[in-house]
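Below is one structure; the comments refer to it alone.
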Amino acid sequence: MNQTTFPKKYNPKDTEEKINQFWEKNKIYKFDKKNTKKKIYSIDTPPPTVSGKMHLGHLFSYSQMDFIARYKRMSGFNVFYPFGTDDNGLATIILIEKTNKIRAKDTDRDKFTKLCLKTLEKIRPQYIRSWKKIGLSADFNLFYTTINKHCREISQKSFIDLYKQGRIYRKKTPIMICPKCKTAIAQVELEDVEKKTYLNYIKVPIIKTNKYLVFATTRPELLPACVGMSVHLDDERYKKFIGKKVKMPITNAEIEITEDENIDIKYGTGIAYFCTYGGVEDIDWITRNQEIKPINIIDINGIYNEKAGKYAGMTSLQARAKIINDLKKIGCLIKQEEIKHTVNTHERCGTDIEFVATEQFFIKYLDLKNKFLKAGAKLKWHPEFMKNRLDNWIKGLKWDWCISRQKNFGVPIPVWYCKKCGNIILADEKQLPVDPLKDKPISEKCTKCGCNEFVPEKDVLDTWATSSLTPQIAASLIPERFNEIYPFDLRPQSHDIITFWLFNTLVKSQLHNNINPWKCVMISGWALDPKGEKMSKSKGNVIEPQLMIEKYSADALRYWAAKSKLGDDLAFKEEYLKNGMKLCIKLWNASKFVISNLEKYNLNEIKHSNPEILDIWIIEKTNITIKTATNYLDKYEYSQAKKQIEFLFFNVFCDNYLEFIKYRIYRDEMTNSKKSALITLNFVLFDILKMFAPFIPYITEEIYQLYFRQTNAKKSIHLCDWPKIKHYKNKNEFLETGDLFCNIIAQIRQYKNKNNLSLKTKIKNIKISLETQQEKQLIEKIIADIKGVGVVENISFDVKKNEK
RNA sequence: GGGCGGAUGGUCUAGCUGGUAUGACGUUGCCCUUACAAGGCAAAGGUCGGGAGUUCGAAUCUCCCUCGGCCCACCA
């Protein structure tokens, strides 16, 4: 047997770097596409955005999915674990603009996309390095970026398929836009912020009377778009005015007072005025009052148009200031009351959203709410209660999915319009991916009118329209095994995007294939700052994972990530990283001790036919841990599994077993008890290492390579089999005896402690108290061990109660 | 307003298909024991947010209340 010198100290920094290169060079995590014997376990890995940096939250949730991936790999699965990046959104635009000093607005879309792909190609390796560094065992060659050809093609194909199904429609409709980003935004992109504003009380004369009404509004600038005014039927103050008309100041428009049961009598003056469109309630109202024509005064860019009269060319904010001034001048503004209210803003830029009527593409799905609820219920949720969030969301959906975006970057909507008749011409599947701005439809003439001139659609698809296809995108990287990969076994992701990524993916899969995209979902929580608060740049409490890896090691960070229960948020505390390091150091030292002793002998030559009681005891303890840890991991409860393994290692193996066998293996002559100890040490340590491997992959690999690799065919510990249970007869008796033994050793330790004695000090006599006579019988078999381990010459027993 | 999850020694945390509580950090004492001083051994410390109920028995089940958290909906 080769003698390896086990390094005295563990150096995580160098080791992790070295191990990483080893993994990469030997393609340890490569998906074996030719292997048809192993069952595939497929993971729909979340694609992060290259434009960002890896943050602690990433580290947290990717580590958690990696525990499962590694466990499944060791359990004999052929793990399909791709890694993509999501690069067709605003963040990418900003990055490309910055790096290349250009503006997307002023650049040809095709050129910008190419430039983007080129830039991403350049910066990607550095970015992905972070993910490799945390020990992610994905196959990085199963790669996609949501803006590449492969993804554009699949995304456009999805559009065409849904269009043909009649699921996609184009409609002029009020839609939320961000006046700053100048694009349509979806419900999920909203963030509500509480803001201070003024509730303005405005006086309007009632026509043909000398009376007037006062209504209150936070959006006075929409006055030119006012189309209605309502009061509640039960409102004694206003009941009599229903059916009368008022004359709006400034515009002189005549508005009829109507009755509407949704009016809150207590809010403002109890009179609501409706503009097209100030908010959801305006849209609701106009849907209830079909005969009323909207006045669209805001354009898609957020600027007021000619219908706004003198306010044309302004933004809402500018118009508001001006109109308040004008109302004051003519004496119509009675008062302004400062209030706090919640406004919907665009989550990316914080700008208040506007409602504007524009032509947009929608995926029709409101009619399928029940189908989606049922589909959600079919998924196995871990943790289970997270399903409520999806249900809640589906039940609350109000609009179809608006999938067009007015941006000059993204996946182009594969559509042209006939110049003459406006007929929509879909791209042909054969020509995908297509860019209507530069490509022409395959059919040269409009099928309706025969015209041969086409207007390209300028809009692109919502980023979620593409990222909701990650299962199809990833699985089609290995087309020949598509059907074994899809539906995926697992979708891991964090809870904040259940309502979009998870939901949208489910929707697409249901619409295209009528099945769920995955069998089960694993929802992770958030990484919080040490105080338990959300990390954000503005708060300045962001923790750099890279710095922490430098300081403590990736294994320590992963150890921290394994601390939280699945789905729970977890505060980041350096103390936990220290615990992680402590475990690594302990694992290193214990392995050093065990291996340095094992290395002295050729284990194959040591044959023992008679295992000692305490050796069977530790094997049985290991068996129990294997069983419970396996159960927990099968339920995705990695934190419980880790806890069990850690307990076995620290409290049973190190604190007790290693101490128990020292006196045996320190002997020079090769006795049976020494042989038994060596053999047991060998495989218990190996089992422990294997169980730790999914959590702390670096140090376990290093120890494997230093010793166990010599006698194992597998190149890496991560390719080894997950430990199996060894069977012994009468294991309960061994368990009982071993546990009792621990108890007695504890008594001896206590005795020495009380008497300020070192543990190795030999004592002549000690009295041990036992509970029953039966215990005494068990103990007699291992009296020699007690004397040896406890360093005692004579032992007497004091039995508390006698058995009948 | 609707929904979901929490509240356990000084701090963080496990347990929650019921039988007086897990571990870590911190604190104190002992030990420089041939794996480990970022150590080992040992000790002190909690009756499980409050109230009621079910039960022989509840941190664990039911109901109510209080206080955080998250998701969703919210106003002219």
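Chain letters run A, B, ... following the sequence lines, proteins first, then strands; residues in each count from 1.
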Would you please name every residue forming a ring-ring contact (aromatic ring centres under 6.0 Å, His included) with A:His55, sequence neighbours left out?
A:His58
Can you name the residues that form a salt bridge (charged side-chain N to carboxylate O under 4.0 Å, His left out) with A:Lys767, not counting sequence neighbours?
none
Distances under 3.5 Å between protein N/O atoms and the N/O atoms of nucleotides 1-11 of chain B, please, pair by pair.
from: B:G2; atom 1: N2; to: A:Asn392; atom 2: ND2; distance (Å): 3.3

With the criterion being N/O to N/O and under 3.5 Å, what pairs connect the protein with nucleotides 39-41 of chain B, and how long is each?
from: B:G40; atom 1: OP1; to: A:Lys586; atom 2: NZ; distance (Å): 3.1
from: B:C41; atom 1: OP1; to: A:Asp655; atom 2: OD1; distance (Å): 3.1
from: B:C41; atom 1: O2'; to: A:Asn753; atom 2: ND2; distance (Å): 3.2
from: B:C41; atom 1: O2; to: A:Asn753; atom 2: ND2; distance (Å): 2.8

Non-neighbouring partners of A:Asp400 that pass side-chain contact (heavy atoms from CB on, under 4.5 Å), sequence neighbours left out
A:Tyr169, A:Phe362, A:Lys364, A:Tyr365, A:Leu366
Sequence neighbours excluded, which residues qualify as side-chain contact (heavy atoms from CB on, under 4.5 Å) partners of A:Lys563?
A:Leu570, A:Tyr576
According to side-chain contact (heavy atoms from CB on, under 4.5 Å), who are the partners of A:Ile242, at least two apart in sequence or on a separate chain?
A:Val231, A:Leu233, A:Glu259
Which dot-bracket string describes RNA chain B (Watson-Crick N1-N3 plus N6-O4 or O6-N4, or G-U N1-O2 and O6-N3, all under 3.5 Å; [ ] crossing; | other strand)?
((((.((..(((..........))).(((((.......))))).....(((((.......))))))).))))....
Residues at least two apart in sequence or cross-chain that pass salt bridge (charged side-chain N to carboxylate O under 4.0 Å, His left out) with A:Asp352, listed by chain then number, are A:Lys195
Side-chain donor-acceptor contacts of residues 637-644 of chain A below 3.5 Å, not counting sequence neighbours, with atom names and distances?
from: A:Tyr638; atom 1: OH; to: A:Gln64; atom 2: OE1; distance (Å): 3.0
from: A:Tyr638; atom 1: OH; to: A:Gln64; atom 2: NE2; distance (Å): 3.0
from: A:Tyr638; atom 1: OH; to: A:Ser564; atom 2: O; distance (Å): 3.3

Would you please name every residue forming a ring-ring contact (aromatic ring centres under 6.0 Å, His included) with A:Tyr201, sequence neighbours left out?
none
Base of B:A42 paired with side chain of A:Lys752 (donor-acceptor, under 3.5 Å):
no
Under the rule for salt bridge (charged side-chain N to carboxylate O under 4.0 Å, His left out), what residues qualify as partners of A:Asp391, not counting sequence neighbours?
A:Lys387
